[in-house]
Colleague: 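The structure is given below, and queries will be raised subsequently.
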Amino acid sequence: MEVVILPGREAIAAAAADGIEHLLKRKPDAVLGLATGSSPLALYNALVERYQAGRISFAQARAFMLDEYVGLPLDHPERYRNVIEREIASRVDFAAGAVQGPDGAAPDLAAASQAYDEAIRQAGGIDLQILGIGSDGHIAFNEPGSSLASRTRVKTLTPQTVTDNARFFGGDEAKVPHHVLTQGLGTIMEARHLVLMALGRSKAEAVHHMVEGGVSAMWPASILQFHPHATVLLDDAAALRLQLAPYYRHVYASKPAWQNM
Ligand code: F6R
C-alpha cells in the first residue's frame with residue numbers, strides 16, 4: 001500500500017488525476033470505477049479541466065459506479081446515478097451508455113446485483129477504482145461486519161452513515177434511504193488499482209485502522225492491506241493517527257520521478 005500525505009484537497013485531486021491521465025494515455029479504453037460523496041469532487045473537477053484542455057479523453061473509456069441508494073425516485077438529485085452524471089459524466093466525453101451503476105430501482109435487487117458483477121466482468125474488470133472511506137471504515141457501502149469476500153448486494157446503512165450522509169439530504173436523517181446496493185469487498189478487490197482519498201479529522205480513526213490496524217470486517221477498508229496495488233491519498237488531518245506518518249512522508253519525498261502512482 002502506498003500512503004501519500006499531501007497538503008490538501010487540491011493536491012490530492014491532482015495526484016489522483018495524474019494517475020487517471022497516465023492510465024488513459026496508456027489505455028484509452030480503460031475501465032474506471034467511480035465513487036460518489038464529497039471526497040472525489042475536486043478530482044472530478046480536475047478531470048474536467050484536463051479534458052477541456054485537451055489532455056485527456058473518455059471517448060473510449062467506460063465506468064462503473066460503486067453503489068446506489070435503493071428506492072430513491074429516478075429523478076432524485078441525490079440518486080448516485082444522477083450525482084455521477086452531474087459531477088463528471090455529463091461534463092466530459094463518455095459515450096452514451098458508457099457509465100453504469102447498480103440499479104437501485106430494480107424489482108429484483110439480488111438479480112440486479114448479480115448482473116452488475118457480471119457486467120464488470122464482461123467489461124474486462126476495473127482498471128482504476130476511485131474510493132472514499134466512511135468514518136466507520138466502510139468503502140463503497142460495505143459497512144462494518146461486511147464479508148471480506150462479498151459481491152455486489154443489498155446492504156443496510158449504519159446509523160453513523162445515515163447521520164454522515166444527512167448533509168446531502170438537507171440535514172434530515174429521515175430522508176436518507178436505509179438500504180443501498182453496493183459493490184462487495186470481493187468485487188472491489190478485483191480492480192487492478194485502488195485509489196482511496198480521505199480528507200479531514202473525521203476520517204482519521206478509520207484511516208488508522210485501514211492502514212495500520214489488523215485486517216478485520218469491523219473496519220472493512222482494512223481489506224486494502226491485501227491489495228497488490230493500493231494508493232491511499234490523505235490530507236494531514238486524515239493522517240493524524242498514523243504511527244508511520246514520518247516514514248510515509250519520507251518515502252514519498254524520495255520517490256523516483258520514473259515511478260508512477
Ligand atoms: C460513495 C461511497 C462511500 C463514500 C464514503 C465517504 O460512493 O462509496 O463509501 O466514499 O461514504 O463519503 P465522503 O466522501 O462524502 O466523505
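Note that the coordinates shown come from a computational prediction; the quantities given were computed from them, not determined experimentally. Just so you know, ligand 1 is whichever comes first in the structure, and atom 1 is the first atom listed for that ligand.
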Colleague: Working to the nearest 0.5 Å, report the span between OG of S202 and CD of Q160.
Modeller: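 Reported to 0.5 Å precision, the distance equals 9.0 Å.
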Colleague: Between D236 and R249, is the closest basic N to carboxylate O distance under 4.0 Å?
Modeller: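 Salt bridge: yes.
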Colleague: Starting from atom 10 (O) of ligand 1, which protein heavy atom do you reach first, and at what distance in Å?
Modeller: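 Protein heavy atom at minimum distance: G132 CA, 3.3 Å.
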Colleague: Looking at CG of D18 and CZ of R50, how far apart are the two atoms once the value is rounded to the nearest 0.5 Å?
Modeller: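 With rounding to 0.5 Å, CG (D18) is 4.5 Å from CZ (R50).
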Colleague: Looking only at protein heavy atoms, identify the closest one to atom 11 (O) of ligand 1 and say how far it is in Å.
Modeller: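 Heavy-atom neighbour on the protein nearest atom 11 (O) of ligand 1: H138 NE2, 2.7 Å.
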Colleague: Does ligand 1 have an atom that lies less than 4.0 angstrom from a heavy atom of R167?
Modeller: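 Heavy atoms of R167 do come under 4.0 Å of ligand 1.
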Colleague: Taking 4.0 angstrom as the limit and counting only heavy atoms of L66, give me the atoms of ligand 1 inside it, by number and element.
Modeller: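 Ligand 1 atoms under the 4.0 Å threshold to L66: 8 (O).
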Colleague: Atoms of ligand 1 less than 4.0 Å from S38 heavy atoms?
Modeller: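 In order of number, 13 (P), 14 (O), 15 (O), 16 (O).
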Colleague: Given H138, which of T158, D67, T161 fulfils the side-chain hydrogen bond (donor to acceptor under 3.5 Å, both in side chains) condition?
Modeller: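 Filter result, single survivor: T161.
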Colleague: Which residue holds the protein heavy atom closest to atom 8 (O) of ligand 1, what is that atom called, and what is the gap in Å?
Modeller: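 Protein heavy atom with the smallest distance to atom 8 (O) of ligand 1: D67 OD2, 2.8 Å.
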Colleague: For the rings on Y69 and F168, is their centre-to-centre separation under 6.0 Å?
Modeller: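 Ring-ring flag for Y69/F168: false, centres at least 6.0 Å apart.
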Colleague: Give a yes/no on ligand 1: does K203 have at least one heavy atom closer than 4.0 angstrom to it?
Modeller: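 Per 4.0 Å heavy-atom rule, K203 contacts ligand 1.
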Colleague: Could you identify the single nearest non-hydrogen protein atom to atom 3 (C) of ligand 1 and state the distance to 0.1 Å?
Modeller: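 Here the closest protein heavy atom is A140 O, 3.5 Å.
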Colleague: For D127, is there an ion pair with R62 - N to carboxylate O distance below 4.0 angstrom?
Modeller: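 Salt bridge between R62 and D127, a charged N being under 4.0 Å from a carboxylate O: no.
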Colleague: Should N165 be counted as touching ligand 1, given the test is an N or O pair under 3.5 Å?
Modeller: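 Looking only at distances, the answer is no, because the N/O contact criterion of under 3.5 Å is not met.
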Colleague: In the protein, which heavy atom is nearest to atom 6 (C) of ligand 1, and how far is it?
Modeller: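 Ranking protein heavy atoms by distance from atom 6 (C) of ligand 1, first comes I133 O, 3.4 Å.
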Colleague: State the CD1-CG distance between I139 and L185, to the nearest 0.5 angstrom.
Modeller: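 Between I139 CD1 and L185 CG, I get 5.0 Å after rounding to 0.5 Å.
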Colleague: Tell me, which protein residue and heavy-atom name are nearest atom 14 (O) of ligand 1, and how many Å apart are they?
Modeller: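 Looking only at protein heavy atoms, the one closest to atom 14 (O) of ligand 1 is S39 OG, 2.5 Å.
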Colleague: In plain terms, say whether E190 and R151 are close enough for a salt bridge, that is, a side-chain N and a carboxylate O under 4.0 Å apart.
Modeller: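 Yes, E190 and R151 are salt-bridged.
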Colleague: If the threshold is 4.0 Å, N to carboxylate O, is there a salt bridge linking E78 and K175?
Modeller: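 Not counted as a salt bridge, because no side-chain N and carboxylate O are separated by less than 4.0 Å.
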Colleague: Give me the residue, atom name and distance of the protein heavy atom closest to atom 1 (C) of ligand 1.
Modeller: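 Checking every protein heavy atom, the shortest distance to atom 1 (C) of ligand 1 gives T36 OG1, 3.2 Å.
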Colleague: Does F168 reach ligand 1 with a nitrogen or oxygen that is under 3.5 Å from one of the ligand's nitrogen or oxygen atoms?
Modeller: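 N/O-N/O distance below 3.5 Å does not exist for this pair.
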